[in-house]
Amino acid sequence: MRNNVILVSLACVCIVGCSVSLHAEAAEQICSRPPIGATVADPPSLHSVHGVLKVELTARNARQADGSTRYCFIDANDAESPTLRVNPGDLVILTLKNDLTDFTPAPASPHSHAHPNKSNPCATSDAMTGVSTNLHFHGLTIPPVCHQDDVLHTFIQPGDQPFEYRFRIPQDEAPGLYWYHPHIHGFTTQQVLGGASGAIIVEGIERADKAVAGLPERVFIIRDQNLLNPNAPPSKFEPVVPKLLIDRDGDAANNGTGFGKPAKDLSVNFVAVPYPDYRPAVIEMKPGEQQLWRVLNASGITYLNLQLLFGRTPQQLGLVAIDGVPLNQNPSLPSDFVDWQTHLGVPPGARVEFIVKGPPAGTPALLVTKTVDTGTGGENDPNRALAIIQVSQDAPEFSQLAASPQPLPPSSTPWLGSVAPVRVRRLYFSEKLLDPNNPNSATEFYLTVDGQTPRPFDPNLGVPNIVARQGTVEDWIIENRSNELHAFHIHQLHFMLLDYRGRPVNEPFLRDTVNVPYYNGRDLEYPSVRLRMDFRDPNTVGDFVYHCHLLEHEDGGMMGMIRVEP
Ligand SMILES: [Cu+2]
């Protein structure tokens with residue numbers, strides 16, 4: 001009865017104030033999100049047809065009542081952030097229309113004063129503003145040129161004609177999970193935190209690793225966002241945490257306890273799991289069912305350390321691919337290789353694909369992320385729940401990988417680890433307080449080639465920090481001279497981690513994003529990683545970037561440009 005009264009009174013209001021309520025409704029529909037505690041649905045998928053994937057995406061945003069702004073990519077059928085499913089050799093024709101609204105004055109940036117150049121989206125970085133957008137196809141080895149995978153010169157403005165991306169998935173692209181997101185220097189954080197990201201799957205992982213043949217597959221995109229309840233006290237179930245520090249971006253700083261307020265909230269396929277109670281999302285499975293989980297950390301700044309608990313017992317997760325590349329791309333590993341682990345660290349930007357076995361009926365089961373030690377200068381990434389696993393015989397069916405796939409032919413390129421590097425380069429991450437006496441003053445973020453002067457990345461400079469030659473392989477030693485963890489990422493190619501903290505690890509697989517451990521302020525040497533960088537593919541020719549994948553750091557200047565010459 002009471003509901004009826006409310007409906008009637010709303011209808012009355014509408015007679016005099018219809019435009020207000022219609023606007024509120026429209027805002028509600030743009031970039032709509034499932035409720036907290038909802039069942040996690042797979043993102044909608046778009047499949048290529050006869051070797052071509054045609055996609056029309058529109059970038060949209062919507063201001064929320066709490067002052068935050070949601071961002072999303074909507075396809076021609078109004079599906080949000082669809083997963084793009086392609087086969088090696090496919091042609092992708094993707095148009096991107098910029099329908100973004102400028103809700104807030106853009107944050108201070110050296111480029112924000114510039115006037116958009118409406119005539120040519122490929123022209124110049126002068127065109128960058130907070131409502132410019134573009135796409136980076138993270139992990140794909142496609143050329144770094146305008147209309148393919150260029151982020152240095154491609155800026156699509158609101159009101160521009162739909163911009164066409166047109167590229168071919170290489171015939172030898174490894175089958176696995178990749179992703180797309182905007183990459184406008186200085187403004188990437190706000191768009192990605194707002195939700196602007198989606199998955200790309202190069203089909204055929206079951207052809208690479210027969211351990212996953214016939215398994216149902218799930219796609220989970222874990223994003224972060226500004227806290228929904230920033231002023232809430234911690235849950236009473238948490239231990240009391242001594243102190244709360246906020247960094248200059250307003251994020252809770254690492255307190256070293258594994259608890260307390262996180263820097264950002266997380267969501268699973270847009271189902272938010274907010275601080276302080278972390279009411280988990282729901283993942284439905286059949287009891288004991290095996291599935292392939294394809295997990296993307298699309299966070300702006302949050303590290304994940306995934307674990308599946310039955311009761312309190314960590315379960316085995318069968319890792320088969322990292323960053324889009326099956327582990328057994330290494331020819332020494334068997335065709336059904338699985339690396340069983342009890343937890344999986346995933347830096348922002350990285351992907352893990354692993355076999356999960358659902359719990360028996362009646363066993364409580366929880367997907368969690370465990371705390372990550374990001375250093376004294378890093379963000380707080382505490383222990384928290386992500387999703388409860390609910391089993392029933394009626395759980396939905398998910399698309400299954402082929403049960404008897406034709407194995408992929410062995411790669412014709414020699415394994416990266418067995419190719420001699422033509423040179424060794426040294427780079428380092430560092431940070432500088434603009435006022436060394438004021439810990440709250442702005443920080444500049446640098447990623448510097450040893451011997452060059454540390455300075456924030458300037459997209460207008462157009463001068464490469466590194467010149468490499470296509471066809472070669474190089475070793476890069478990357479140091480971290482700051483007191484927080486950074487995640488090194490390079491466009492267009494994968495690399496192999498040879499040394500971690502100076503010790504050989506020779507990982508028998510490839511990555512496109514890797515942690516570089518933080519400096520503790522005491523050791524005689526800065527911690528470092530040694531990477532074998534692969535410039536053999538002709539698609540790496542051109543100008544592109546390497547950077548920290550913590551987007552506040554990237555936007556703040558922790559980026560450099562490489563030119564690969566033919
Ligand atoms: Cu960083």
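If you read the sequence from its start, that first residue is 1, and numbering goes on from there. Counting convention: from 1, in listed order, for ligands and their atoms alike.
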Original post:
Do the ring planes of Tyr165 and Phe137 sit parallel (below 30°), tilted (30 to 60°) or perpendicular (above 60°)?
Top reply: perpendicular
Original post:
Counting backbone and side-chain atoms alike, does His549 have an N/O/S atom under 2.8 Å from the Cu ion (ligand 1)?
Top reply: no
**OP:** Flag the pair Asp277 and Arg279 as a salt bridge only when some basic side-chain nitrogen lies within less than 4.0 angstrom of an acidic carboxylate oxygen.
**Re:** no
Original post:
Any idea which N/O/S atom from His553 gets closest to the Cu ion (ligand 1)?
Top reply: ND1
Subject >> Test: Glu379 and Lys264 ion pair at under 4.0 Å >> reply: no
Subject >> Aromatic ring pairing Phe163/His147, orientation class (parallel under 30°, perpendicular over 60°, tilted between) >> reply: parallel
Subject >> Atom name, His486 (N, O or S, nearest to the Cu ion (ligand 1)) >> reply: ND1
